[in-house]
Amino acid sequence: MPKEFTVTPWKVEGEVDYTKLIKEFGVQEVNEKLLERIKKHTGELHYMLRRKIFFSHIDLGFILDEYEKGNKFYLYTGRGPSGNTHLGHLVPWMFTKWLQDKFDAELWFQMTDDEKFIFNPELELEETNRLAYENALDVIALGFKRGKTFIFSDVDYGKTLYKQAIRVAKRLTVSTTKAAFGLTDSDSVGKHFFTTVQSVPAFLPSVLKGKNIPCLIPCAIDQSVHFRLTRDIVHKLGYYKPAGLYNVFLPALTGPKGKMSASIAETAVYTTDAPEVVEKKIRKYAFSGGRDTVEEHRKHGGNPDIDVSYQWLRFFEEDDKKLERIHDEYKSGKLLSGELKEILIEKLTVFLKKHQENRERARKVLDSYILKD
Ligand code: TRP
């Protein structure tokens, strides 16, 4: 039987079954017990935890065990700079910012300009490198703490990273990269090698500070494939296995299948889109769970489970009560599809206005966040 969906770090296709992914990727479900445990330290739970947007993890229990013993962890996440930042990218970053605040943790943020150059036949290295620093503005705009947040491009921090990447590479075979990523003999050695570079920040702070520090990686589930390999290898090198906390994808504007693609402009809203553009994209492309006619909609109601405007509000409207009201009114037919779209437009317009102001301000302080060697 053909697979009905595919998730790899470089391709997401079809309607993702997250229950199946948990098994396939060897991760654990985020359950109520774990949420209670987090809440003991944070006081409240972030809405992305309450709503199971962060739905799976590996070894989060270990991170909390260590934290409770006074052994603080650091955060590690990243961005593959292949284009402008879109709203789907912001999802794990917004959550990571909350973790930084609640646990007073350092963030190590990797920008894989090397990866996007290797994997994308159309992109030159100068371009992915330039995009890395454009994307970094979006990271800083979210409010990460200066002095506790270290952002680096693989190319511009290469000397430090390379020394560690080869330690990983020595212990990684091509049969493993084939099995884990579906790479083949015809793929470039660059593709086979790349995962070693993504492994490095999962133990680099331990190397630099000369003591073992636990690492937590919050990111979208597709990246967990890398860290399965990382965990095995860094353990052999004598470091802690990094833990992970993984989110579901923000659905594409045009339908609930797959993740948004930065290369197809209609399926995504970019952080730099002007209000008129956001408005137009949502009115024109947002997949609707509404009925064909107003009469039918009033009578039978809409389907919030497949309606992208509603789904996006789950990712961006923090207020549970407001969200529930919208859900119920849409389902009962009181709220029309067009009205729901306007609620989302309003929410995103306000959010993006602030984000874009912060993003411009970030240009002035960019250098103070960047590591180079
Ligand atoms: N490979 C990731 C991407 O294509 C970028 C990345 C590097 C990353 N290190 C990471 C993402 C750690 C999440 C966590 O987007």
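Atoms within each ligand, like the ligands themselves, are counted from 1 in listed order. Predicted model only: the values in this text are computed from it and were never measured.
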Geometric N/O contact Thr77 with ligand 1, under 3.5 angstrom: no
| field | Any N or O of His226 closer than 3.5 Å to N or O of ligand 1 | value | no
So, does [X] use its side chain to make a donor-acceptor pair with the main chain of [Y] at under 3.5 Å?
X	Y	value
Lys281	Ala268	yes
Glu339	Leu336	yes
Gln110	Val197	yes

query = Using the benzene-type ring in the case of Trp, are the ring centres of Phe181 and His226 under 6.0 Å apart?
reply =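 Yes; His226 has its ring centre under 6.0 Å from that of Phe181.
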* Under 6.0 Å between ring centres, would you say that holds for Tyr369 and Phe150? -> no
Identity and distance of the protein heavy atom lying nearest [atom]:
atom	result
atom 15 (O) of ligand 1	Gly80 N, 3.1 Å
atom 2 (C) of ligand 1	Gln223 OE1, 3.4 Å
atom 7 (C) of ligand 1	Gln110 OE1, 3.2 Å

_What I want to check is whether the side chains of Thr173 and Thr176 have a donor and an acceptor closer together than 3.5 Å._
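Side chains of Thr173 and Thr176: pair found under 3.5 Å.
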I'd like to check which ligand 1 atoms, numbered from 1 as shown, lie under 4.0 Å from a non-hydrogen atom of [X].
X	result
Thr112	5 (C), 7 (C)
Arg79	5 (C), 6 (C), 15 (O)
Glu115	1 (N), 2 (C), 3 (C), 4 (O)
Phe227	12 (C), 14 (C)

(request) For Asn247 and Pro92, work out which heavy atoms get closest and say how close. (result)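 Scanning both residues, the minimum pair turns out to be OD1-CB, 3.6 Å.
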Evaluating non-hydrogen atoms only, which member of Pro218, Ser199, Gly78 is closest to atom 8 (C) of ligand 1?
->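 Answer by nearest heavy atom: Gly78.
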Which part of Lys116 is near ligand 1, with near meaning a heavy atom under 4.0 Å away: side chain, backbone, both or neither?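 For Lys116, only side-chain atoms sit under 4.0 Å from ligand 1.
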_For Lys39, I'd like to know if atom NZ has over 12 heavy atoms of other residues, nucleotides or ligands within 6.0 Å._
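Counting other residues, nucleotides and ligands, NZ of Lys39 stays at 12 neighbours or fewer.
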